[in-house]
2 protein chains.
Amino acid sequence: MSRKRSANAVTIHDVAQLAEVSPATVSKVINDVPYVSEQTRQRVLAAIDKLNYRPNVIARSLRKSHTATIGLITDDLEGVFTMAMMRSIEEVASTQGFSVFLCNSYGEMSRERAHLEVLLAKQVSGIILMSGYKVRERGAPALELGRVPVVYLYQYTTDVDVPCIIPDDLGGGALGTRHLLELGRRRIGFVNGPLHFEASQQRLIGYQQALRNHGIAFDPALVRTGKWNEQSGYELAHELMALPQPPDAIFCASDSLAAGALDALHELGLRIPQDVAVVGFDNRYFSGYQRPPLTTIALPLYEMGSLAGELLLKAIQGEPTHRVIHRVPCTLIKRLSCGAPPD
Amino acid sequence: MSRKRSANAVTIHDVAQLAEVSPATVSKVINDVPYVSEQTRQRVLAAIDKLNYRPNVIARSLRKSHTATIGLITDDLEGVFTMAMMRSIEEVASTQGFSVFLCNSYGEMSRERAHLEVLLAKQVSGIILMSGYKVRERGAPALELGRVPVVYLYQYTTDVDVPCIIPDDLGGGALGTRHLLELGRRRIGFVNGPLHFEASQQRLIGYQQALRNHGIAFDPALVRTGKWNEQSGYELAHELMALPQPPDAIFCASDSLAAGALDALHELGLRIPQDVAVVGFDNRYFSGYQRPPLTTIALPLYEMGSLAGELLLKAIQGEPTHRVIHRVPCTLIKRLSCGAPPD
DNA sequence: AGCGATTCGGAAAACGTTTAATGTCTGCAG
DNA sequence: CTGCAGACATTAAACGTTTTCCGAATCGCT
C-alpha cells in the first residue's frame with residue numbers, strides 16, 4: 001500500500017484511496033467546492049478523520065500562489081515599543097488566518113536586505129517594516145525585489161509609494177498641554193528631546209498650538225531641549241525651576257525625561273502635583289511606578305499595530321494602496337502627577 | 001514568450017531559456033551540484049542576474065520536504081521575559097538560515113492547538129513552546145499531530161519526551177544568598193512568592209543551601225511568603241523588620257517584591273545598603289531604576305533562548321532528543337542595594 | 001421518447017522546483 | 001579500432017495540492 005511514504009506523510013491520495021474516490025474529490029470537500037454529494041462527502045470526511053489527514057499547505061500554496069503568510073521585519077526586537085505593536089499585528093494576522101514571520105534586522109541594512117530576500121523567496125503575501133521610536137526615516141528598502149505589498153510601521157519614508165503609520169505626536173503634544181491648561185496651570189514648561197527627531201518637533205508644535213488655543217502666550221524661555229534620557233530631564237527641570245518665574249507645570253516629551261524631572265523637583269522639595277504638575281510622554285512601563293505615578297501621553301501602539309496588519313491584509317486582498325501617512329491619535333493616561341483624579 | 005506568468009514570477013524556466021540551457025542545469029548551478037562546466041555556469045549566473053531571479057522556496061520545499069522554518073508559540077507575547085528569549089531564538093534561527101513563525105496563544109489551549117495545526121500544516125521543521133514565568137507546567141500539547149521536534153522553553157512537563165529549558169532557580173537562590181553572606185551579612189531575610197510556584201520552592205532551597213554551606217543556621221522566622229507583587233514585598237519586609245532580631249539583609253524572590261521591600265525600608269528610615277542590604281531576583285527592567293539601584297539575580301533569558309534554538313535545530317538535523325530538563329545558570333547583577341561595588 | 005440542464009465524479013494538467021536516470025560527447029588506454 | 005570512463009547536459013518523474021475540462025448520470029420538461 002502507500003506505506004512507502006516518509007514516516008507520517010499522509011497525503012490526499014491516501015485519503016482518496018481509503019474513501020474510494022479521486023484526489024480531486026477529496027480536494028473539493030476540503031475546499032467546500034459545490035457538486036459533491038452528501039454521501040461521498042461524509043465518506044471523505046470519515047477517511048480524513050481516520051487517517052488524521054492535514055493538507056500540506058506548502059503544496060497548496062505552490063498551486064494557488066498564495067501563502068497566507070506575512071513577514072514582519074523589526075529594527076529592534078527588544079525595543080520598548082516593539083512588543084505591543086507586534087502583539088496586535090500577530091492578533092489581526094492570526095484571526096484572519098495568516099501566519100507571521102518574525103525577523104530582526106538590528107537596524108542593519110544588510111540584515112534587513114537579507115531578511116527581505118528570504119521573505120520574498122518564501123513567497124510571503126506582504127511585509128511590515130517596523131521601527132521603534134528612534135529611527136524614523138531612511139531610504140527605501142529594496143522593494144523592487146518583488147511585488148508584494150508593504151507597510152511601514154512607526155517609521156516612514158517619502159521616496160516610496162507605501163502607507164506609513166506613525167503616532168500623532170502633534171496631537172499628543174496638544175493633548176498633554178491642554179490637559180494641564182484645563183487643570184488651571186498657566187506657566188507650562190516643555191522639556192523636549194533632540195530637535196532632529198521629528199517626534200520632538202511635532203510634540204512641540206502641539207504644545208504651542210494648545211497654548212494658542214487657550215489664549216496663552218508662548219514663552220520660549222519655558223522650553224528646553226536635551227537628550228531623551230533621565231539626566232537631561234533632571235538638568236532641564238532644574239533650569240526651568242531656576243527661572244525668575246518658574247513654571248507651575250512641566251510637560252516632558254518622554255517618560256524618561258519626566259522621571260528625571262521628578263527627581264529634580266523632589267530635590268527642590270517641591271510637591272507634585274500641588275506645586276508643579278508633571279506630564280510625560282510615551283506611557284513607558286515604569287511611568288506607573290514613579291513617585292507620584294506619572295500622568296502621561298500614551299503612544300497608540302496597539303492601534304498602530306492592528307492598523308498596520310489590517311492595511312496590509314487589505315492590500316493583499318487587492319485593495320489599492322496609497323502613499324498615506326496615517327497618524328494615529330495618542331491618548332491621555334491620567335495618574336497622580338498632574339493633579340486630576342486618575343482614571 | 002513566457003509573458004503569460006502572473007506579473008513578476010520569473011521562474012527557473014525563464015532563466016533556463018535565456019541561458020539556453022535546461023532547467024535542471026540551472027538548478028544545479030543554484031545548488032552547487034558538480035558537473036556543470038564553468039562556461040555554462042557563468043552563462044546561467046548571468047541570466048539569473050539579468051532576470052533578477054529568486055528561487056521559489058515554496059516549490060523547493062515541496063520537493064525536498066524541508067522548509068527551513070520553525071514555529072515559536074508563546075503563552076504571552078507581552079510577557080516581561082518573552083522578548084529577550086525571542087530575540088536570541090530569532091538570532092540563532094536566522095544565522096542558520098531558518099525563519100521563525102511567531103504565534104501568540106494568550107495562554108489558551110484552544111489557540112495553542114490551532115496554532116500548532118497551522119504550523120504543522122505549513123510544514124515547519126520544528127516548534128518551540130515558550131512560556132514566561134507564571135505557567136510552568138501543563139499537559140502535553142497535541143504532539144501526536146505530527147512528528148516534528150519540539151522543545152519547551154521556560155516551562156516543562158513530565159508527560160512528554162521533550163527537552164525542557166528553565167532557569168536554575170535553585171542556583172540563583174544560592175547565588176544571591178552567598179553574595180550577601182560574603183558581604184558579611186548574617187541575618188538574611190527571605191521574601192518569597194507563592195510556594196506553589198516551583199520557582200519559589202527552588203529559590204528557597206538555594207537560599208537554605210547557601211546558608212548551610214556558610215555554617216549559618218536556618219531560621220524559619222526569617223522567611224516570609226506572599227504574592228509576587230510590590231504590595232507583598234512591602235508588607236513582608238515590614239514584618240521582618242518588626243522581628244525582635246531584624247535582618248541585616250533581605251533577599252527577595254522577585255524584583256517586584258524587592259521594590260516593595262525598598263519602600264518599606266525607606267519608610268522605616270533605614271539606609272540601604274548600610275542598615276539593610278537588599279537583593280532582588282529576575283533583573284526586571286525597572287530594577288536599575290530603584291533607589292538605590294537594585295542588585296539582583298538575572299534570569300539567563302538570552303542563554304535560554306539560544307539554547308532552545310540550538311537544541312531544536314540539532315533535533316531537526318536528526319540528532320536524537322532526550323527528555324532532559326536543562327537548568328540554565330542565573331547570574332548576579334551587582335548594583336548599589338547590596339553594598340558591593342557595582343559591576 | 002427526446003433533450004437540455006443540472007449534478008456529480010474523475011483524468012490530467014498545472015504550480016516551480018529537485019533529482020534520478022539517461023544520453024552524448026570527449027579523451028584515453030588497450 | 002574498440003571500449004570505457006569521466007564530464008556535461010537533458011529528460012522526465014517526482015513533491016502534494018488545486019483546478020479545468022470532460023463525461024456520465026440524473027432530472028425535469030415538452
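Letters go in sequence order (proteins before strands), and every chain restarts at 1.
At a non-hydrogen distance threshold of 4.0 Å, Ala24(A), Thr25(A), Lys28(A) from residues 23-34 of chain A come into contact with DNA chain C.
Across all strands shown, Val57(A) has no heavy atoms under 4.0 Å from either base or sugar-phosphate atoms. Residue contacts shown for Thr40(A) are limited to sugar-phosphate atoms, with no base heavy atom under 4.0 Å away.
Nearest to the side-chain atoms of Lys64(B) among the listed nucleotides dT19(C), dG16(C), dT17(C) stands dT19(C). Listed candidates were dA9(D), dC8(C), dG16(C). Nearest to the side chain of Ser37(B) is dA9(D).
Listed pair Arg63(B) / dA14(D) fails the phosphate criterion, with no side-chain N or O lying under 4.0 Å from OP1 or OP2. For the OP1/OP2 pair of dT17(C) and a distance below 4.0 Å, the side-chain nitrogens and oxygens of Tyr53(B) include at least one atom meeting the criterion.
Recorded end-axis angle for the helix from dA1(C)-dT30(D) to dG30(C)-dC1(D) stands at 60°, based on five pairs per end and rounded to 10 degrees.
Among residue pairs with one or both ends in residues 305-316 of chain B, none qualify as side chain to side chain donor-acceptor pair (under 3.5 Å); sequence neighbours excluded. Applying the salt bridge (charged side-chain N to carboxylate O under 4.0 Å, His left out) definition to pairs two or more places apart or across chains, those involving residues 88-106 of chain A are Arg87(A)-Glu91(A).
Applying the 6.0 Å contact sphere to CD of Glu20(A) captures no more than 12 heavy atoms from other residues, nucleotides or ligands.
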Side chains of residues 41-49 of chain B: which donor-acceptor partners sit under 3.5 Å, not counting sequence neighbours?
{"residue": "Arg41(B)", "atom": "NE", "partner": "Glu38(B)", "partner atom": "OE1", "Å": "3.3"}
{"residue": "Gln42(B)", "atom": "NE2", "partner": "Glu38(B)", "partner atom": "OE2", "Å": "2.6"}
{"residue": "Arg43(B)", "atom": "NH1", "partner": "Ala19(B)", "partner atom": "O", "Å": "2.5"}

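Checked options Asp76(A), Asp75(A), Thr82(A); the residue passing with Ser131(A) is Asp75(A) (criterion: side-chain hydrogen bond (donor to acceptor under 3.5 Å, both in side chains)).
Protein atom CD of Glu20(A) is 13 Å distant from nucleotide atom P of dG9(C), rounded to whole Å.
For Glu108(A), the salt bridge (charged side-chain N to carboxylate O under 4.0 Å, His left out) partners two or more places apart in sequence, or in a different chain, are Arg111(A).
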